[in-house]
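Each chain gets a letter, A, B and so on, in the order its sequence line appears, and its residues count up from 1.
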Amino acid sequence: MRRIGLSIAVVVASIVLAGCGGSSSSGSGGSGSSAPVTLTLWHNYGTEQNATATENLVKAYEKLHPNVTIKIVSQPADNYFALLKTAAISHTGPDIAVQWTGLFTLQDISYLEKLTGLVPQAALDKMKGMQWMSGGLSTAGPAYVMPLEDQFYIGFYNKQAFQKAGVSAVPQTWDELNAACTKLKAAGYTPIVYGNGGQALGTEFYPWYDSSYLMIGQFSVDQWKGLYDGTIPWNSPQVTAQYDKWAQLEKNGCTNTNILTTTNNIEQFTSGKAAMIVDGTWDTQKFTDAMGSNVAAFVPGFSDSPMKGVVEYPGDGFSIMNYSPHKQQAADFLAFIASPEGIKAVNDAGLIPDVVGSTTTNPVNQQMLDFAAKQGFTRYPMLDNVTQGNVVNTGNKFLPSVLAGKISVADALNQMNSTWQQLPASQRGSSYSGG
Amino acid sequence: MTTQATPNPRTDLPPAPTRPRRTRLHRGRSWVGLAMTAPAFVLVAVILGWPMLQAFYYSMTQWDGITATWVGPSAYTHEFHDPAFRRVLQNNALLLLAIPLALVIPLGIAFLLDTHVFGWRIFRSAYFLPTAISWVVIGMVAERFFAAHGQLNSMLSAVGLGFLSTDFLSGERTALLAVALTFAWSMIGTNMIIFLTGMATLDPHLAEAARVDGAGGWQTFRRVTVPQLKRFIQFALMMTLISAFTALFSLIFVMTSGGPGYGTTTLEFFVYQTAFAVGQFGTGAMLGVILFVIMATVGIVQIVLLRTKE
């Protein structure tokens with residue numbers, strides 16, 4: 001019996017250990033061809049408007065290029081990048097894949113093909129914010145992602161709910177936000193709804209939409225680099241002060257009570273039960289379809305003084321895998337995004353094309369574009385795209401519980417700071433690095 | 001003069017046993033044995049041995065799955081300074097506290113069933129049922145059971161203990177408690193069957209003799225049944241321990257995803273998260289090596305402690 005027990009222990013432990021092993025490999029190149037070709041494209045969009053935009057792009061491209069078939073594969077959002085990486089290691093992944101930009105790109109460049117020199121430079125030059133998808137997050141570096149759209153982390157509010165509750169102006173500061181919450185709650189609305197519906201990236205809501213505005217409310221866009229290189233520690237008094245005020249939202253009844261387990265937050269907003277939601281452009285069309293002109297965008301007032309910054313940033317796009325045998329055909333598809341037909345395909349899905357000079361037909365999207373273009377707001381990147389992946393993951397684990405009042409602000413921020421301190425020196429230097 | 005014979009140590013010793021001479025048949029059989037076991041040996045070496053060596057190598061690198069940079073043994077010391085890692089080890093240690101529950105309850109149930117109480121066949125099937133349910137399903141049911149508006153809180157309210165109601169899965173310690181209780185519950189069926197099987201092999205005369213000598217049910221169970229079941233208890237303990245370390249991934253994934261914070265992240269889950277969610281395969285390999293060492297150590301220590309004379 002003892003031997004059996006020991007044997008079982010050893011075998012199980014061996015399997016666990018063996019599972020951690022593997023082999024490293026490098027990508028192989030390929031050459032373009034005019035013959036019929038099938039490309040595979042992976043995305044993590046679920047049923048968001050980005051998925052519709054991708055389908056629109058593929059249909060339009062296939063119509064113009066009958067010899068090309070693009071097979072779209074929808075992968076689960078919560079472990080998409082893990083799947084992509086493991087597929088890259090075994091060279092069994094797609095030719096084209098959705099890739100998030102910023103540090104998300106830099107940490108994956110070992111299996112991404114450089115687009116510079118492969119996609120026509122004229123097409124790359126048409127896109128806005130290319131620095132965020134290039135080596136070192138600088139335009140001097142090679143591009144790795146062709147952006148799909150111009151994105152916003154943004155607040156949406158129900159005009160009718162504001163009117164009924166007597167909220168005459170969009171709240172721009174903490175005080176105004178808390179006052180609006182009181183009125184909305186008295187009128188029977190959930191002031192702000194949180195949940196993991198929409199962009200379901202985990203079991204709890206994604207805290208980086210709010211976190212971006214918390215840091216906009218405290219720091220200039222240039223100062224954000226301090227959160228990366230450690231000159232502003234995550235548990236510094238300025239950061240702590242902002243999260244303290246944020247954590248009060250739930251205590252003050254400004255949110256739904258079950259923020260960690262709610263999954264129908266999008267429906268609660270579109271049905272009129274909730275008055276505000278902090279979300280992103282990928283759901284704009286969903287909101288305008290359901291609420292018509294009753295929905296509008298606002299910059300969350302997570303600041304002591306009126307907010308003057310907005311998250312406008314090309315957060316995602318398509319990359320070519322460096323092991324793809326069809327790199328040139330994939331590059332041709334990516335260049336198509338910058339074409340008039342590509343712009344139309346993106347706009348028709350309710351997204352904002354990232355092409356310089358393009359417009360959007362969705363009025364709420366246009367309202368967002370006007371924040372920076374006409375109202376003098378400063379454009380900020382998405383905070384999670386310029387924060388180290390490990391810190392982002394720690395934030396994902398702790399920050400939702402902070403808002404739910406289950407973990408203290410100090411505990412959460414200390415954990416994030418501790419994670420930052422554990423990073424190798426190469427990932428917390430003065431210049432952005434993915435590894 | 002008489003001489004006393006001095007014993008010659010070389011010649012008076014009994015002849016050393018000589019190794020039986022190996023015949024051609026013996027040698028032939030040995031070669032056949034080696035040849036027959038070689039494929040299995042090669043298979044194990046290739047499938048388990050080589051990846052294990054690789055894992056050990058990569059554990060001392062910064063490896064993103066594609067390119068690896070050598071760090072050396074300092075990778076281990078660095079990891080032991082990580083508060084998250086220490087918290088994960090603490091969680092594993094706390095989960096072990098559920099093991100007595102996972103052993104004592106099924107032992108009691110098995111004892112009752114062994115006395116063939118009314119309806120014991122139905123009870124046996126009912127108690128064994130959790131073993132036939134996948135961890136994912138168990139996790140989903142448990143998630144609803146422990147949720148803020150779940151059955152547990154409803155039951156607490158129904159019996160006037162509503163003040164104890166809480167969202168178990170949203171607190172770090174309560175979530176770990178929920179996972180531990182679910183784990184203990186899910187092990188009841190397996191361990192009960194192990195104990196029931198063991199009890200079926202016991203000599204009934206011993207218990208009968210004890211009863212004749214005036215021993216009550218509890219005394220008989222404690223003084224006669226349990227000592228005879230020692231081997232089975234040891235086996236159940238080993239299986240439960242292994243499960244606690246290496247079989248809770250899907251349960252945790254479904255119930256809490258390792259949260260809140262690192263509240264329910266075990267070493268096994270941490271391996272997955274580090275390697276596949278964060279993309280640090282080198283650190284993931286190191287955590288796997290540490291898990292291997294812990295498992296091996298626990299197994300050996302347990303066997304040494306429970307060793308009894310044959």
### Query
What residues, two or more places apart in sequence or in another chain, satisfy side-chain contact (heavy atoms from CB on, under 4.5 Å) together with B/Thr77?
B/Ser74
### Query
Hey, which of A/Asn393, A/Asp411, A/Asn414, A/Leu260 has the most heavy atom pairs under 4.5 Å with chain B?
A/Asn393
### Query
Considering only heavy atoms from C-beta outward, does the side chain of B/His81 approach that of A/Gln421 to under 4.5 Å?
no
## Note on the structure
The reported gap from CD in A/Gln422 to CZ in B/Phe85 (rounded to nearest 0.5 angstrom) is 11.0 Å
### Query
Hey, which of B/Arg87, B/Glu268, B/Glu172 has the most heavy atom pairs under 4.5 Å with chain A?
B/Glu172
### Query
Taking atom CG of B/Asp64 and atom OH of A/Tyr111, what is their separation to the nearest 0.5 Å?
9.0 Å
### Query
Quick one: what part of B/Thr265 sits under 4.5 Å from any heavy atom of chain A, side chain, backbone, both or neither?
side chain
### For the student: nearest non-hydrogen atoms of A/Ile407 and B/Gly261, plus distance
CD1-N, 4.1 Å
### Task
Starting at CD of B/Gln280, measure out to CG of A/Asn390 and round the result to the nearest 0.5 Å.
4.0 Å
### Message
Counting heavy-atom pairs under 4.5 Å with chain A, which one of B/Ser257, B/Ser170, B/Gly259 comes out on top?
### Response
B/Ser170
## Note on the structure
Scanning both residues in full, the closest heavy-atom pair of A/Pro424 with B/Gln62 reads CB-NE2, 3.5 Å
### Query
Non-hydrogen atoms of chain A under 4.5 Å away: do they reach the side chain of B/Ala277, the backbone, both or neither?
backbone
### Gap between atom OG1 of A/Thr86 and atom CZ of B/Phe276 - 0.5 Å precision
6.5 Å
### Message
Are more than 12 heavy atoms, taken from residues, nucleotides or ligands other than B/Phe41, located less than 6.0 Å from that residue's CZ atom?
### Response
no
### Heavy-atom closest contact (B/Ile66 atom, A/Ser110 atom, distance)
CD1-OG, 3.6 Å
### Summary
To the nearest 0.5 Å, atom CG of B/Asp167 lies from atom CG of A/Asn258 at 8.5 Å
### Task
Given ring-ring contact (aromatic ring centres under 6.0 Å, His included), test B/Tyr262 with A/Phe398 step by step and report yes or no.
CA-CA 8 Å; B/Tyr262 289 105; A/Phe398 285 91; 5.5 Å; yes
#### Entry: NZ-OG1 distance between A/Lys406 and B/Thr166, expressed to the nearest 0.5 angstrom
4.5 Å
### Query
For chain A, which of B/Leu241, B/Val278, B/Ile294 has the most heavy-atom pairs under 4.5 Å?
B/Val278
#### Entry: Contacting region of B/Glu79 [heavy-atom separation from chain A under 4.5 Å]
neither
